[in-house]
Protein chains: 2
Amino acid sequence: MRLLLVEDDIALRDGLQQALTGQGFAVNAISTGQQALAVARAGDCDTVILDLGLPDIDGLSVLKQLRQKWPRMPVLILTARDGIEDRIKGLDYGADDYLVKPFAAPELFARLRVIERRLGTASSHLIRCGEVELDSTSMQVSVADNTVSLSRREYVLLKELMESAGRIKTREQLEASLYSWGEEVASNALEVHISNLRKKLPTDFIRTVRGVGYSISRP
Amino acid sequence: MRLLLVEDDIALRDGLQQALTGQGFAVNAISTGQQALAVARAGDCDTVILDLGLPDIDGLSVLKQLRQKWPRMPVLILTARDGIEDRIKGLDYGADDYLVKPFAAPELFARLRVIERRLGTASSHLIRCGEVELDSTSMQVSVADNTVSLSRREYVLLKELMESAGRIKTREQLEASLYSWGEEVASNALEVHISNLRKKLPTDFIRTVRGVGYSISRP
DNA sequence: TTTGTCCTTAAGATTAATTTAAGTTTGCTA
DNA sequence: TAGCAAACTTAAATTAATCTTAAGGACAAA
């Protein structure tokens with residue numbers, strides 16, 4: 001899943017970006033409402049994490065405009081104030097969930113997973129395709145009940161493919177969910193990961209669709 | 001589906017053309033309003049993707065003229081300006097949908113698929129003709145429940161034929177959906193693909209209509 | 001600092017798809 | 001039915017996409 005993180009506190013932003021990346025999300029982090037609107041307008045993300053205390057535009061107004069353009073894009077708001085007022089307004093304006101700062105990272109992860117599931121991007125914590133089982137809570141994968149250890153990129157790739165089993169994921173889609181902005185890769189990294197992944201999975205589990213991308217058959 | 005992409009920014013045009021081709025669309029890419037009108041007048045496409053910021057003629061005027069000639073041809077407009085005015089005018093002039101630049105490629109794909117479905121050019125998931133079943137989501141084809149593997153050209157060809165089962169597809173139509181401009185083939189590539197396709201399908205599944213083209217019988 | 005894991009690059013190997021070209025067959029028409 | 005054009009088949013040549021491997025760098029844990 002591709003996240004847009006809007007947070008002006010540099011320390012928090014960097015920390016979150018790192019933590020979220022570690023959880024397998026592709027994160028674009030920016031710091032102003034202006035940027036947020038520009039990016040979101042491009043539709044280049046699946047979920048927005050929005051700090052309400054932004055320097056330029058009021059967070060709530062950003063939220064409002066987001067909603068107009070993308071009525072269904074999940075937005076999770078962060079607020080430093082414990083004033084209930086903002087939260088209520090936020091939910092009124094269509095935010096899906098909120099977190100009060102300071103919060104524990106795992107809680108954020110958990111809520112994102114809830115959103116992910118609701119989005120239908122992910123069916124549940126557990127996805128199973130044939131012998132292969134993927135648990136997004138523990139980030140563990142097993143083949144015929146034997147745990148296999150995957151690297152982060154391998155995990156993300158497999159998750160994306162399994163979540164849309166029966167459909168084709170284009171190279172572009174896969175790369176987008178692997179990399180945030182500014183860190184796109186120029187070479188065949190994707191293919192290398194696929195290659196390494198295949199060594200750990202049943203034969204022919206990942207099908208190559210020449211000229212398009214990859215896919216996994218429906219369970 | 002055959003697209004006419006009108007975009008003067010070379011980088012964007014080439015990028016889009018490539019991406020769209022990868023998605024199985026046949027794309028003619030051109031850069032001026034003049035050309036757009038010339039091509040569209042020939043009726044040589046199913047959907048137009050039109051950048052409003054063209055160098056020669058105003059995009060809106062192109063749109064207007066297109067509409068006069070082809071009232072029902074879907075037009076999707078691209079606009080760099082976030083001024084609402086242009087978009088509204090565009091929709092007034094009969095555009096079917098719009099995207100504000102910059103946009104994410106998958107979004108464009110999604111909207112094109114919506115148009116495709118509405119057009120009835122419709123590759124709505126599953127098409128079945130007798131024993132042969134084609135799933136456009138996974139780009140898989142099966143004959144009597146056995147998956148057969150087709151190359152990209154073979155797949156496109158079969159899809160075109162099955163989508164208009166019961167009607168005849170002319171050689172020209174088939175070649176048009178296989179090739180974009182400037183890459184037409186001089187020789188009998190089409191026949192070769194048909195030949196190879198036939199080896200993988202039931203006998204007499206694809207009928208030759210001498211001097212015209214090919215067809216598949218209604219399911 | 002050292003160690004090990006993970007990731008990206010790059011190059012070469014491999015596989016597959018596509019086109020070309022040539023020879024053959026088929027069906028129509030005069 | 002002879003002759004012609006269209007369509008078919010095959011195989012070789014060409015082009016393209018993907019796979020694999022290995023080397024080197026970045027990073028984090030020990």
Side-chain angles (χ1 to χ4, degrees), chain A residues 14-15 17-19 21-24 26 139 141 148-159 161 168-172 174-175 177-180 182-201 203-215, chain B residues 17-19 21-24 26 139-141 147-159 161 168-175 177-180 182-201 203-216:
Chain A
D14 290 355
Q17 173 156 36
Q18 211 174 346
T21 307
Q23 289 287 308
M139 292 178 70
V141 174
V148 295
S149 87
L150 302 184
S151 77
R152 189 155 53 82
R153 301 251 128 123
E154 288 166 1
Y155 172 80
V156 173
L157 225 40
L158 181 61
K159 181 157 164 259
L161 285 169
I168 297 172
K169 278 279 177 186
T170 67
R171 307 167 71 79
E172 290 73 26
L174 292 173
E175 278 173 0
S177 56
L178 228 42
Y179 304 102
S180 309
E183 57 157 5
E184 289 94 352
V185 283
S187 81
N188 62 345
L190 176 63
E191 291 169 20
V192 175
H193 291 308
I194 291 280
S195 173
N196 293 328
L197 205 39
R198 277 177 168 151
K199 289 177 195 154
K200 304 177 182 178
L201 298 173
T203 324
D204 296 330
F205 187 72
I206 300 176
R207 175 173 69 108
T208 302
V209 184
R210 227 153 212 270
V212 186
Y214 299 89
S215 102
Chain B
Q17 172 156 36
Q18 212 175 346
T21 306
Q23 289 285 310
M139 290 177 79
Q140 279 192 321
V141 174
T147 309
V148 296
S149 88
L150 303 184
S151 78
R152 192 125 74 89
R153 302 248 128 118
E154 288 167 0
Y155 173 82
V156 172
L157 225 41
L158 181 61
K159 181 160 164 254
L161 286 170
I168 298 172
K169 277 276 177 188
T170 67
R171 306 168 69 79
E172 289 71 30
Q173 287 173 330
L174 291 173
E175 277 174 0
S177 59
L178 230 40
Y179 305 102
S180 304
E183 56 157 4
E184 288 95 350
V185 282
S187 82
N188 61 344
L190 176 63
E191 291 170 17
V192 175
H193 290 309
I194 291 281
S195 173
N196 292 328
L197 206 39
R198 278 176 168 152
K199 288 177 198 155
K200 303 177 182 177
L201 298 173
T203 324
D204 296 330
F205 186 73
I206 299 177
R207 182 170 63 99
T208 303
V209 185
R210 214 151 215 272
V212 187
Y214 299 89
S215 95
I216 285 177

Exercise. How many angstroms lie between atom CG of B/Leu197 and atom CD1 of B/Ile206, to the nearest 0.5 angstrom?
Worked result: 4.0 Å
Problem set entry | Interatomic distance where CG belongs to B/Asn196 and C1' belongs to C/dA17 [whole Å] | 10 Å
For this session: For B/Ile194 and C/dT19, give me the distance from atom CD1 to atom C1', rounded to whole Å.
Result: 15 Å
For this session: Give the intermediate values and the outcome of side chain to side chain contact (heavy atoms under 4.5 Å, CB included) for residues B/Gln173 and B/Tyr214.
Result: CA-CA 10 Å; B/Gln173 287 173 330; B/Tyr214 299 89; over 6 Å; no
For this session: Look at A/Arg153 and C/dT8 and indicate whether a side-chain polar atom (N or O) is within less than 4.0 Å of OP1 or OP2.
Result: yes
Exercise. Side-chain contact, heavy-atom cut-off 4.5 Å: A/Leu157 with A/Lys169?
Worked result: no
Exercise. For A/Tyr179 and C/dT8, is the shortest distance between a side-chain N/O and OP1 or OP2 below 4.0 Å?
Worked result: yes
Problem set entry | Length of the line joining A/Leu178:CG and C/dC7:C1', which is rounded to integer Å | 10 Å
Exercise. Should B/His193 be listed as having a side-chain N or O under 4.0 Å from OP1 or OP2 of C/dA17?
Worked result: no
Problem set entry | Closest non-hydrogen atom pair between A/Leu158 and A/Phe205, with its separation | CD1-CE2, 4.0 Å
Exercise. With a 4.5 Å heavy-atom cut-off, do B/Lys159 and B/Met139 have their side chains touching?
Worked result: no
Exercise. In whole angstrom, what separates B/Met139's CE from C/dA17's P?
Worked result: 12 Å
For this session: Give the rounded distance in Å between these two atoms: CG of A/Leu197 and P of C/dT8.
Result: 14 Å
Problem set entry | Distance in angstrom units between B/Leu158 CG and C/dA17 P, rounded | 15 Å
Seminar exercise, completed: At a 4.0 Å cut-off to heavy atoms of chain B, the contacted part of DNA chain D spans D/dA6 to D/dT10
Problem set entry | More than 12 heavy atoms of other groups within 6.0 Å of B/Glu172 CD | yes
Problem set entry | Protein-to-nucleotide contact annotation, 5' to 3' order, nucleotides 21-28 of chain C [B base; S sugar-phosphate only; - none; under 4.0 Å, heavy atom] | BB---BS-
For this session: Give one of base, sugar-phosphate or nothing for A/Tyr155, where a contact means two heavy atoms less than 4.0 Å apart.
Result: nothing
Exercise. Do B/Thr208 and B/Arg198 have a side chain donor and acceptor closer than 3.5 Å?
Worked result: yes
Seminar exercise, completed: Rounded to whole Å, CD of B/Glu191 lies from P of C/dT20 at a distance of 13 Å
Exercise. In whole Å, what is the span from the CG atom of A/Leu150 to the C1' atom of C/dT5?
Worked result: 14 Å
Exercise. Does the side chain of A/Leu174 come within less than 4.5 Å of A/Leu178's, by heavy atoms?
Worked result: no
Problem set entry | Smallest separation among heavy atoms of A/Ala189 and A/Tyr179, with atom names | CB-OH, 3.6 Å
